[in-house]
There are 2 protein chains.
Amino acid sequence: MQSKYLPAEERRSLTVEAVVVLSGAQNPSEITTAAIAKHMNVTQGALFRHFPTKDAIWEAVMEWVTNRLLDRIDHAAEGACSPMDGLRAMFMSHIEFVIEYPGVPRMMFGELQRAEAAPATKIARMLIKRYAERLAKKLEEAKAAGEAANDLDTHAAAILFIGMIQGLVMQSLLSGDIKAVRTHAHGVLGIYLRGVKSGASDAETLNARTPRGKIRR
Amino acid sequence: MQSKYLPAEERRSLTVEAVVVLSGAQNPSEITTAAIAKHMNVTQGALFRHFPTKDAIWEAVMEWVTNRLLDRIDHAAEGACSPMDGLRAMFMSHIEFVIEYPGVPRMMFGELQRAEAAPATKIARMLIKRYAERLAKKLEEAKAAGEAANDLDTHAAAILFIGMIQGLVMQSLLSGDIKAVRTHAHGVLGIYLRGVKSGASDAETLNARTPRGKIRR
DNA sequence: CCAATAATAGTAATTGCTTACTATTATCCG
DNA sequence: CGGATAATAGTAAGCAATTACTATTATTGG
């Protein structure tokens, strides 16, 4: 049983943890302060002793996510023996992060599509931006090392990298099993890495016929 | 100006259209019946002449999406001259669909992560399933035609295909410009197709590999 | 053709319920 | 004690849904 009367900082930390856990089981945008409080064995009103508004709770959560996720992928990338291997390590550590905290990608996507940019939304945006920067850097390194195709569109490659995660998460939502992410991660990554890699069929692949007609809107 | 007292079917159709439009500008899960009604120049209660519940509105919307999207990609695939070209055509028509109805991928993702499986959720799931089936079929055809690598993990390739769309949509949420999807679509697709394609470096590509050429810079 | 009538599609107001948030009171511990 | 913290018991607002009623359209029989 959790003791009552914890110091404020610890209570805030437990609040963030509760939100992360609850996001793994239900739509993050539908999590109420009452549900958070109940999960902490505390009354709903008590939360507002530690956070001025509900938005502030989400802000703290997104900050937590930022620190945790970037820490992990940075650490993973450090241990790699080449840029391409670094990408692989970043991806795999991200996958493990998602399995550990399945609510995170869901709250991210939900946060990003909110109409008005709440503080939490800005932090989420910043996280993606910083993530993309790290990816771009690694991809440029891979190019310089001759591991990646020298005509590679690094911006597109970064988008696809993030899309890999998104696609796997969506698949797990369908199967209802978050572990499915791990099952298919290798296959997806393999296709990605081959697409990024330097190889025989470099240029002409990208410029094949593209039905890009103007479409009225 | 829209006239009042429309036949029921037309009013239902207009309701679906309103939801689709509104989803392009705000978080779909936050769209209220009052907002839908306002966009139609009708009172909130009037909606319930044509739909028993709000869930029923979402159900109709998801059915609309299913028919429209599958129709489009089926039609696009028909005009292709090879399986691989079919994949390209499906992707591009999907991209145009997303640009035309930017709310659709957002409502899809939101719907899929709802805790209880509402009727609309089931339709959304079914849509993805049918979509994935079409992709798997095309990918198998590509294999048979020797266009795709014969050791390709078609399931993973289907997940990554859907992830491409998700990644591009997420990117557009960040930039606030849906047209950005079209800008980066070609680059992302190029990487994907190269990853799927049959080529010199088939099998060993999946394993880490030393840079083969000289190191530039 | 054309009133009388039925059926349908709308409005305005209100329902019960849930929500984020707050004012007040009770409790702990140095 | 006294200062910080939690619990209690609210409030006002927003939500989907319902109700009672009105306006429009469709159908029918003489």
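Here is how names work: the chains are called A, B, and so on, in the same order as the sequence lines, proteins then strands, and each is numbered from 1. Computed from heavy atoms alone, side chains included, the values below leave out hydrogens, waters and symmetry copies.
The distance from atom CD of A/E30 to atom P of D/dG14 is 20 Å, rounded to the nearest whole Å. Going from atom NZ of B/K38 over to atom C1' of D/dC15 covers 16 Å, rounded to whole Å. When the P atom of D/dT25 is taken as reference, atom CD of B/E10 falls 13 Å away, rounded to whole Å. When rounded to the nearest whole Å, the span between CG of A/L47 and P of C/dT22 equals 13 Å. As rounded to whole Å, 15 Å separates atom C1' of D/dA26 from atom CG of B/L6. One atom, CZ of B/R12, and another, P of C/dT8, lie 12 Å apart when rounded to the nearest Å.
For B/R11, no side-chain nitrogen or oxygen approaches OP1 or OP2 of C/dT8 to under 4.0 Å. Residue B/H50 has a polar side-chain atom (N or O) positioned under 4.0 Å from OP1 or OP2 of C/dG10.
Proximity of A/M84 to A/V196: side-chain heavy atoms (C-beta onward) are separated by under 4.5 Å at one or more points.
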If a protein heavy atom is under 4.0 Å from the base, mark B; if only from the sugar-phosphate, S; if neither, -; do that for nucleotides 16-21 of chain D going 5' to 3'.
BBB-BB

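Among residues two or more places apart in sequence or in another chain, the salt bridge (Lys or Arg N to Asp or Glu O under 4.0 Å) test is passed with A/R182 by A/E96. Shown here are the side-chain contact (heavy atoms from CB on, under 4.5 Å) partners of B/T66, two or more places apart in sequence or in another chain: B/L70, B/I123, B/L127, B/R130.
A salt bridge does not link A/D85 with A/K138: none of the charged nitrogens is closer than 4.0 Å to a carboxylate oxygen. Ionic pairing of B/R72 and B/E100 is present here: one or more N-O contacts between side-chain nitrogen and carboxylate oxygen are shorter than 4.0 angstrom.
Ring-plane geometry between A/F91 and A/F161 is classed as perpendicular, the angle between the planes exceeding 60 degrees on a 0 to 90 degree scale with a lower cut at 30.
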